[in-house]
Structures are given as C-alpha cells and as structure tokens.
Amino acid sequence: MVSVVGFLEREGTNMDREGERTLRSEKVQIERKTFFLDLKENDRGRFLRITEDVGGRRDRIIMPASGMEDFARALDDLIIYEQEELGPR
C-alpha cells in the first residue's frame with residue numbers, strides 16, 4: 001500500500017547545520033518504508049535529497065535539481081512498463 005503523506009511543514013529560510021535550506025519536503029509511506037523527498041538549496045545550488053527509512057536505518061541519494069525532470073521521466077517510463085507490459089502480479 002502506498003500512502004502519500006504530503007507536504008511537510010519544513011520549508012523556510014533558516015539554514016540547517018550543513019548550510020542547507022529546505023525549500024519543500026514530501027513524505028511517502030510504502031509498506032514498511034518511509035521515503036522523504038527534500039528539495040534543498042546550498043551555496044552550490046539546488047538539489048533533491050531522497051531518504052529511505054526502514055526501521056531507523058536510512059539510505060540517501062542526492063541529485064542536482066537540473067536532473068529532476070530526466071529522473072521523473074525515467075521513473076514514469078518504468079511505471080508504464082510495469083503496469084502495461086508486465087501486468088498484475
């Protein structure tokens with residue numbers, strides 16, 4: 001089951017300890033995993049940080065904001081393939 005929790009009230013102008021500012025955050029709960037999608041900014045530019053939390057263990061990937069459209073397009077292609085080509089499991 002997928003639950004999109006939605007926008008988190010973490011946007012603001014204050015820098016955190018890494019010198020990053022959170023512009024917007026989303027949280028998605030999928031089965032026992034929680035995903036945090038944080039659009040952030042620092043002195044080098046904007047980026048997306050995706051954090052997977054499973055029982056307190058966290059893994060992260062970070063991509064420049066300039067790659068978000070390509071990433072979303074590739075994800076859309078995989079979703080279409082999984083739904084239309086592979087069918088129900």
Side-chain angles (χ1 to χ4, degrees):
M1 178 173 179
V2 175
S3 170
V4 178
V5 178
F7 175 67
L8 300 173
E9 295 295 329
R10 290 184 8 191
E11 64 182 321
T13 58
N14 294 334
M15 297 286 185
D16 64 18
R17 61 187 162 166
E18 290 98 24
E20 300 169 351
R21 181 167 67 107
T22 301
L23 303 173
R24 183 171 174 128
S25 293
E26 298 285 338
K27 178 180 174 184
V28 180
Q29 183 74 43
I30 303 173
E31 298 176 354
R32 62 185 186 89
K33 297 182 177 192
T34 304
F35 295 90
F36 300 92
L37 294 90
D38 301 312
L39 181 60
K40 293 185 162 269
E41 184 175 54
N42 63 19
D43 58 347
R44 292 175 287 168
R46 292 187 186 140
F47 58 95
L48 177 66
R49 175 181 290 149
I50 301 173
T51 304
E52 173 193 37
D53 185 304
V54 182
R57 181 173 167 245
R58 291 186 171 205
D59 292 305
R60 293 183 177 145
I61 63 169
I62 297 172
M63 80 177 66
S66 61
M68 289 172 51
E69 284 186 35
D70 289 338
F71 186 85
R73 198 170 11 261
L75 184 58
D76 285 341
D77 289 346
L78 289 171
I79 291 168
I80 291 167
Y81 177 78
E82 193 273 334
Q83 291 175 345
E84 295 179 2
E85 300 294 325
L86 299 178
R89 185 165 185 171

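Count residues from 1 along the sequence.
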In chain order, what residues pass the side chain to side chain donor-acceptor pair (under 3.5 Å) check against [X], with sequence neighbours excluded?
{"X": "R73", "answer": "D70"}
{"X": "N42", "answer": "none"}
{"X": "E82", "answer": "none"}

Please report the shortest heavy-atom distance between K33 and Q29, naming the atom on each side.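 Distance-wise, the nearest heavy atoms are O-NE2, 3.1 Å.
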
Interatomic distance, NZ@K40 vs CZ@R49, rounded to 0.5 Å, equals 5.0 Å

Once you round to the nearest 0.5 Å, how far does CG of L39 lie from CZ of R24? 9.5 Å

Please write out which residues are connected to Y81 in a hydrophobic cluster, directly or through intermediates, given that two of Ile, Leu, Val, Met, Phe, Trp, Tyr count as joined at side-chain heavy-atom separations below 4.5 angstrom.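 ILVMFWY cluster around Y81 also holds L86.
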
When clusters are formed from ILVMFWY side-chain contacts under 4.5 Å, directly or step by step, what else is grouped with V54?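 Taking Ile, Leu, Val, Met, Phe, Trp and Tyr as members, V54 stands alone, with no cluster partners.
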
side-chain contact (heavy atoms from CB on, under 4.5 Å) involving R58 - partner list, sequence neighbours excluded: F36, T51, D53, R60

All side-chain contact (heavy atoms from CB on, under 4.5 Å) counterparts of L48, not counting sequence neighbours: L37, I50, M63, M68

Can you sort out the partners of D43 under salt bridge (charged side-chain N to carboxylate O under 4.0 Å, His left out), two or more places apart, ordered by chain and number? none

Suppose we screen for salt bridge (charged side-chain N to carboxylate O under 4.0 Å, His left out). Which residues come up paired with R44, at least two apart in sequence or across chains?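 Salt bridge (charged side-chain N to carboxylate O under 4.0 Å, His left out) check on R44 returns nothing, list empty.
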
In the single-linkage hydrophobic clustering (I, L, V, M, F, W, Y; side-chain heavy atoms under 4.5 Å), do I61 and V28 co-cluster? yes

